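Note that the structure is a prediction, hence the values are computed from the model and not measured. First listed ligand is number 1; within each ligand, the first listed atom is number 1.
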Amino acid sequence: MPETIFSKIIRKEIPAKIVYEDDLSLAFHDLNAQAPIHVLVIPKRQIDSLEHASEEDAKLLGHLQIVLQKVARILNVHESGYRVVMNCGRDGGQSVGHLHYHLLGGRTLVWPPG
Ligand code: 5GP
């Protein structure tokens, strides 16, 4: 699993607008925001994609979802609502090979996605 740009962000070698951080995870604003609020939540330990996760990652994946809830509260979209997306693989539109959740909010989001 080759490193991605997200590893450099985790090590603070390149800047990112960090919203939340703990021992296991990092949340930062997406460089190319698709909504007024667009934050990425990533595990510090690289898992290439959901397809590469295993049963032993279940606790970490659950933790990331609680971090998403914290981020929504920090950015005050917890009452208006938000969307959580994880792209997986080529057809899923994944462009960075380090598992991440997108949290989108701050406007009404359309469904279905493209
Ligand atoms: P994916 O397409 O893999 O689901 O999402 C990757 C996301 O990472 C994209 O929304 C893209 O804008 C974001 N991204 C890529 N490189 C960087 C970067 O260097 N900094 C930040 N903050 N976001 C990035």
I'd like to know if R73 and E79 make a salt bridge, using a cut-off of under 4.0 Å between side-chain N and carboxylate O. no
With heavy atoms and a 4.0 Å threshold, my read on which part of F6 contacts ligand 1 is side chain
In terms of residue, atom name and distance, what is the protein heavy atom nearest to atom 1 (P) of ligand 1? H100 NE2, 3.1 Å
Would you check the N or O atoms of H29, main chain and side chain alike, for any that come under 3.5 Å of an N or O of ligand 1? yes
Taken to the nearest 0.5 Å, the spacing of L40 CG from H29 NE2 works out to 10.0 Å
Report, in ascending order of atom number, the atoms of ligand 1 lying under 4.0 Å from any heavy atom of N32. 12 (O)
Any H102 heavy atom less than 4.0 Å from ligand 1: yes
Count the heavy atoms belonging to other residues, nucleotides or ligands that lie under 6.0 Å from NZ of K70, then report whether that count exceeds 12. no
Determine yes or no for a side-chain-to-main-chain donor-acceptor pair under 3.5 angstrom, with H38 supplying the side chain and Q34 the backbone. yes
One thing to verify: whether K44 and D22 come together as a salt bridge, which I'm taking to mean a side-chain N less than 4.0 angstrom from a carboxylate O. no
Minimum-distance protein heavy atom relative to atom 20 (N) of ligand 1: I9 CD1, 3.7 Å
Heavy-atom count check: over 12 atoms from other residues, nucleotides or ligands less than 6.0 Å from R90 CZ? no
Atom 24 (C) of ligand 1: which of I14, L31, I5 has the nearest heavy atom? L31
Checking the N or O distance criterion of under 3.5 Å, is ligand 1 in contact with S95? yes
Between V96 and ligand 1, which part of the residue brings a heavy atom under 4.0 Å of the ligand: side chain, backbone, both or neither? both
Which of the numbered atoms in ligand 1 are under 4.0 angstrom from any heavy atom belonging to Q94? 3 (O)
Hey, could you give me the NE2/CG distance between H63 and L61, rounded to the nearest 0.5 Å? 11.0 Å
Compute the minimum heavy-atom distance from G93 to ligand 1 and say whether it is under 4.0 Å. yes
Closest protein heavy atom to atom 11 (C) of ligand 1, given as residue, atom name and distance to 0.1 Å: D30 OD1, 3.4 Å
Just to be sure I read this right, does ligand 1 sit under 4.0 Å from the backbone of V85, its side chain, both, or neither, counting only heavy atoms? neither
When you look at CD of E56, are more than 12 heavy atoms from neighbouring residues, nucleotides or ligands closer to it than 6.0 Å? no
Can we call the ring centroids of H100 and H102 under 6.0 Å apart? yes
